[in-house]
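Please read the structure below before turning to the comments.
Along the sequence shown, residues are numbered consecutively beginning with 1. Atoms within each ligand, like the ligands themselves, are counted from 1 in listed order.
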Amino acid sequence: MGIKVSEFGKTSKGKIAHIYTLVNGKGMALEVTDYGATMVSILAPDAKGRSKDVLLGYDDVQDYEQGTCYFGAIIGRNGNRTKDAQVVIDGHVYQMEKNEGENNLHSGSEGYSNIIWDASVDEDGNSVSFHHVGADGEQGLPGTFDITVTYTLTMENEVKIHYEGTSDKDTIANMTNHGYYNLAGHAAGKIEDHILWLDADAFTPVGQGMIPTGEILPVEGTPMDFRAAKSIGADIEADYEQLKIAGGYDHNYVLNNSNGTLRKIAEVTEPESGRRMEVFSDAVGVQFYAGNFVESIPKGKEGVVYQKRSGLCLETQGFPDATHHETFPSTVLRAGAKYETTTIYYFSAVK
Ligand code: BGC
């Protein structure tokens with residue numbers, strides 16, 4: 001183990017971004033940058049020990065600044081879509097930026113995917129922490145929010161993401177990582193042959209503007225059901241309204257067995273290489289996004305042009321737009337309370 005630090009170019013504002021490279025001697029390497037606390041690459045071995053980069057991304061920090069896909073980034077304070085870009089806390093309305101029609105998506109231009117974080121590396125050489133103190137009023141939200149995101153690459157081939165924060169006023173905290181995975185390699189094309197299992201009996205359907213209607217619908221008998229593992233492509237083009245609205249899977253799944261502790265929530269296997277990714281999280285929800293809006297992204301890593309469904313996201317999170325739905329678990333962080341959540345992506349190979 002050991003962490004290498006290198007420069008990752010200059011942002012348009014003239015700030016130098018850095019890359020932190022973690023290597024575990026077990027065939028895995030993880031690169032993260034202080035720009036957006038973003039995961040830039042994950043090298044993961046197949047059954048024969050051949051490692052490939054399984055994460056979509058860019059080669060230069062300015063491409064991350066200009067990109068609209070949030071490749072690998074940390075999202076916060078308030079992930080996913082929020083109706084009218086307004087959050088409500090105890091009856092008070094706070095206006096966020098309308099950066100997607102009338103909605104707020106992933107917290108807007110002041111969101112955590114767009115800032116340079118303060119980095120520190122741990123003595124063991126297997127973790128990098130990113131720290132940020134968000135001012136009261138940042139993104140339109142109340143409270144000074146002190147947040148640390150720590151990435152750890154373990155000897156067991158896990159990428160662990162730990163979030164820990166506090167605020168001095170009641171605020172919203174609903175963060176995630178927006179990694180796009182292709183277990184055949186980031187340049188391999190579509191993810192539709194990946195086999196997915198999701199431990200969710202229900203999902204939250206969306207209506208206009210991809211905002212949740214507030215319903216919690218059972219997946220039973222619908223193409224949304226991944227409780228028995230199936231390929232992502234098996235039903236993605238089914239004649240089902242929710243898939244039509246979103247152009248494929250792009251929905252929050254209501255995870256089973258939510259009691260605030262880590263449990264396995266998802267498993268993805270790529271049949272050719274045998275690479276497998278298991279996801280463990282304490283979150284109540286996961287946005288399964290099949291990369292439907294990734295359209296001809298030029299200048300991906302190594303010059304690769306990413307196309308629709310070149311990568312899949314499993315964004316562990318609170319439910320989207322929870323502020324407007326009393327039946328959804330609250331994403332309010334009370335003053336002085338601790339925001340803490342963990343997600344682990346565990347890589348292995350079968351065959
Ligand atoms: C959303 C997608 C969106 C993507 C990039 C995902 O979290 O679910 O609808 O296109 O982020 O903005």
Side-chain angles (χ1 to χ4, degrees), residues 36-39 55-58 63-83 85 96-114 139 161 163 172 174-182 186 190-191 196 198 200 203-213 224 226 232 236 241-255 265-266 279 281 283-297 300 306-322 328 331 341 343 345:
T38 299
M39 289 200 287
L55 202 66
L56 274 57
Y58 301 109
D63 294 327
Y64 280 95
E65 281 188 289
Q66 283 154 24
T68 55
C69 292
Y70 303 86
F71 286 149
I74 288 295
I75 306 292
R77 302 179 193 182
N78 186 27
N80 215 307
R81 294 188 169 82
T82 298
K83 187 173 190 298
M96 299 185 75
E97 181 188 347
K98 294 183 176 178
N99 66 326
E100 194 204 47
E102 289 299 300
N103 302 335
N104 178 271
L105 174 66
H106 298 327
S107 300
S109 53
E110 284 185 28
Y112 291 164
S113 52
N114 299 325
Q139 304 167 8
I161 313 176
Y163 307 72
I172 302 281
N174 184 15
M175 297 180 60
T176 194
N177 176 280
H178 210 306
Y180 287 67
Y181 299 89
N182 186 326
H186 78 100
K190 294 196 184 281
I191 45 76
L196 174 66
L198 269 181
F203 75 107
T204 54
V206 291
Q208 227 194 352
M210 300 262 295
I211 294 288
T213 60
M224 309 304 282
F226 283 91
I232 290 171
I236 200 166
E241 194 196 4
Q242 284 298 315
L243 292 172
K244 300 275 175 228
I245 292 176
Y249 298 104
D250 191 358
H251 294 84
N252 170 60
Y253 278 77
V254 177
L255 293 170
I265 60 129
V279 187
S281 182
V284 291
V286 66
Q287 182 85 7
F288 164 42
Y289 172 48
N292 313 304
F293 302 130
V294 177
E295 291 282 5
S296 302
I297 303 294
Y306 299 127
Q307 303 288 0
K308 178 173 172 174
R309 301 189 187 141
S310 307
L312 68 99
C313 303
L314 289 165
E315 304 155 57
T316 52
Q317 55 171 26
F319 296 3
D321 200 36
F328 289 3
T331 49
T341 178
T343 294
Y345 297 91

Give a yes/no verdict on whether any heavy atom in T68 is under 4.0 Å from an atom of ligand 1. yes
With respect to atom 11 (O) of ligand 1, which of H251, M210, Q287, H178 exhibits the smallest heavy-atom separation? H178
Heavy atoms only: which of R81, E100, Q317 lies closest to atom 3 (C) of ligand 1? R81
Look only at interatomic distance and state if E315 has a nitrogen or oxygen under 3.5 Å from any nitrogen or oxygen of ligand 1. yes
Closest protein heavy atom to atom 10 (O) of ligand 1, given as residue, atom name and distance to 0.1 Å: F293 CD1, 3.1 Å
Is the contact between Y249 and ligand 1 made by the side chain, the backbone, both, or neither, using heavy atoms and a 4.0 Å cut-off? neither
Hey, which atoms in ligand 1 end up nearer than 4.0 Å to a heavy atom of [X]?
X	value
Y180	5 (C)
Y70	5 (C), 12 (O)
L105	12 (O)
D250	1 (C), 2 (C), 8 (O), 9 (O)

Determine whether a donor-acceptor pair (N or O, by modelled atom type, separation under 3.5 Å) exists between the side chain of N103 and the backbone of G209. yes
Backbone of G72 reached by a side-chain donor or acceptor of H178 within 3.5 Å: no
State the CD-OG distance between E315 and S281, to the nearest 0.5 angstrom. 12.0 Å
Output the distance between atom OG1 (T316) and atom CG (N177), rounded to the nearest 0.5 Å. 8.0 Å
Test item: side-chain donor near acceptor, E97 and N104, under 3.5 Å: no
Checking side-chain contact (heavy atoms from CB on, under 4.5 Å) for the pair Y180/Y306: CA distance, chi angles, key distance, verdict? CA-CA 11 Å; Y180 287 67; Y306 299 127; over 6 Å; no
Distance-minimising heavy-atom pair for Y253 and M224: OH-O, 2.7 Å
